[in-house]
Amino acid sequence: MTTTLLHTAGELHARARTGRRAVVMTMGALHEGHATLIRTARRLAGREGEVVVTVFVNPLQFGAGEDLDRYPRTLDADVKLAEQSGADVVFAPAVDEVYPGGEPQVRISAGPMGERLEGASRPGHFDGMLTVVAKLLHLTRPDVALYGQKDAQQLALIRRMVRDLNFGVEIVGVPTVREEDGLALSSRNRYLSPAERRTALALSRALFAGQDRHAAQEALRARAREVPATRARAEALSAIGESRAAADAHAVATAVPGGPAAVRAAARQVLDEAARLDPPLALDYLALVDPSDFSEIGDDFTGEAVLAVAARVGTTRLIDNIPLTFGTLGAAS
C-alpha cells in the first residue's frame, strides 16, 4: 500500500470514496500507540474503505508556557509509519488551512466536564481540542473516528460533543498501548532522560497498585458472598485454615461496596514514594472518576470508573489512566 500525503481539504474531498472512511487524528510524532489506532481503523474500514490519518499540531490547545514550539514534528517518519500500518492518506494541513483568517472567533466550549482534571490544570485546553476535532471532522468527513483511551477525558468530551451536537460519526476508543516497562506510549516520552523515565514509571505503577487493590477487594467480596451472612461465615472459612481470609471477607462484605478510598490510597502510596526520588515526581492530580462527567466517585459508587493520574517529571508532563468497574458490575476491567 502506498500512502498519499495531502495538505488541503480540497485534495481530500476530490478523492473518490467507496466504502467507509475511518479517521485517526494525531498531532504527529507517531509511535506504536498511533499504529495500533491506524490498524484498528483499517479493520473497521475494511478492504473497500479508506483510512485517513490527520497530522496537525493544534495551537489552540496549548496554553502559555506549554510545549507548542518544541512539540516534535516528524512528518516524513509519520507518513512512513502510517503507510506501514495501513493508512491510505495522511492529511497534514497547514495552520491557515484549518484556521483561515487566523484563530476562530467562534469555538466549541467543553462545558463543566472540560474544567475538571486536565481542564483545571490546562485552562482552555479542551475548548481548543474540541474546536479542532470539530473542524477536522468536517474537513475529513469520516464515517468513524478513532481515539486512544490514554486521553480518557478527551475521548469522553469528544463523545459528548458528537452526541450533543448531532455529528453523524461513530466514535471508537482504542485501549492504551504501553511499553514493556508499563509506561504509556506518548510522543512526549522522548523528552525524558533515562533517570526521568525511571521516575515516570511511577504513574503506571500507581495505577496498577490501585487496580490490584481493587481486584483483591472484589475477590474478597465475592468470597464473602459465597458464605452465609451469619456466624457460620467465619467458622466455615476457618475450618479450611483461612481465619485471616474470614476476617477480611467479613470486613469487606460489611463495608461500603467497592472501596474507592482504598484504591486511591494504594495508588497514592506509590506516587508519594516517587516524590522522594531523584529526580522527583511532581503530582498534578490523582483522581477516581465517573467517565460520564469526570466527577469524583463516592464510596457507594457502582459501575464503570476511571483511575487517572497526571504528573511532571523534570519539564515533561505525563498522563495515564486505567478503567475499573465497581460493585455489582464486577471486578477490574
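What you are looking at is a predicted structure, and each value in this text was computed from that prediction instead of being measured.
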*Would a distance-only check, ignoring hydrogens and angles, find a side-chain to backbone donor-acceptor pair under 3.5 Å from Asn321 to Leu307?*
no

*Enter the distance from Asp299:CG to Arg264:CZ here, rounded to the nearest 0.5 Å.*
7.0 Å

*Identify which one of Glu170, Glu50, Arg20 satisfies the side chain to side chain contact (heavy atoms under 4.5 Å, CB included) criterion when paired with Asp143.*
Arg20

*Would you say the side chains of Asp272 and Gln269 form a donor-acceptor pair under 3.5 Å?*
no

*How long is the gap from OG on Ser292 to CD on Glu304, to the nearest 0.5 Å?*
10.0 Å

_Pairing donors with acceptors under 3.5 angstrom, does anything connect the side chains of Asp320 and Ser204?_
no

_Arg42, CZ: over 12 other non-hydrogen atoms inside 6.0 angstrom_ = yes

_Approximate separation, where rounding is to 0.5 Å, of Tyr285 OH and Glu296 CD_ = 10.5 Å

*Is there side-chain contact between Val306 and Leu324, with heavy atoms separated by less than 4.5 Å?*
no

*asked:* Within this structure, what is the CG-CD distance for the pair Leu201 and Glu196, rounded to the nearest 0.5 Å?
replied: 12.0 Å

_For Pro93, is there any backbone N or O sitting under 3.5 Å from a side-chain donor or acceptor partner on His7?_
no

*Should the pair Arg17-Glu48 be classified as a salt bridge under the 4.0 Å nitrogen-to-oxygen rule?*
no

*Any Lys/Arg nitrogen of Asp181 or Arg197 sitting under 4.0 Å from an Asp/Glu carboxylate oxygen of the other?*
yes

_Between CD on residue Glu11 and OG1 on residue Thr4, distance to nearest 0.5 Å_ = 10.0 Å

*On the 0 to 90° scale, with breaks at 30° and 60°, tag the His214-Phe326 ring pair as parallel, tilted or perpendicular.*
tilted

*With distance as the sole test, does His13 use its side chain to make a donor-acceptor pair with the main-chain N or O of Gly10 at under 3.5 Å?*
no

*Polar side-chain atom of Arg21 near backbone of Thr140 as donor-acceptor pair, under 3.5 Å*: yes

*Do His138 and Phe167 pass the ring-ring contact (aromatic ring centres under 6.0 Å, His included) test, and can you show the C-alpha distance, the side-chain angles, and the key distance before you say yes or no?*
CA-CA 9 Å; His138 290 312; Phe167 281 71; 5.3 Å; yes

*asked:* Looking at Asp164, I want to see if its CG is surrounded by more than 12 non-hydrogen atoms of other residues, nucleotides or ligands under 6.0 Å.
replied: yes

*Rounded to the nearest 0.5 Å, how far apart are CE of Met27 and OG of Ser187?*
7.5 Å

*asked:* I'd like to check Pro142 versus Leu137 (side-chain heavy atoms, cut-off strictly below 4.5 Å). Are they in contact?
replied: yes

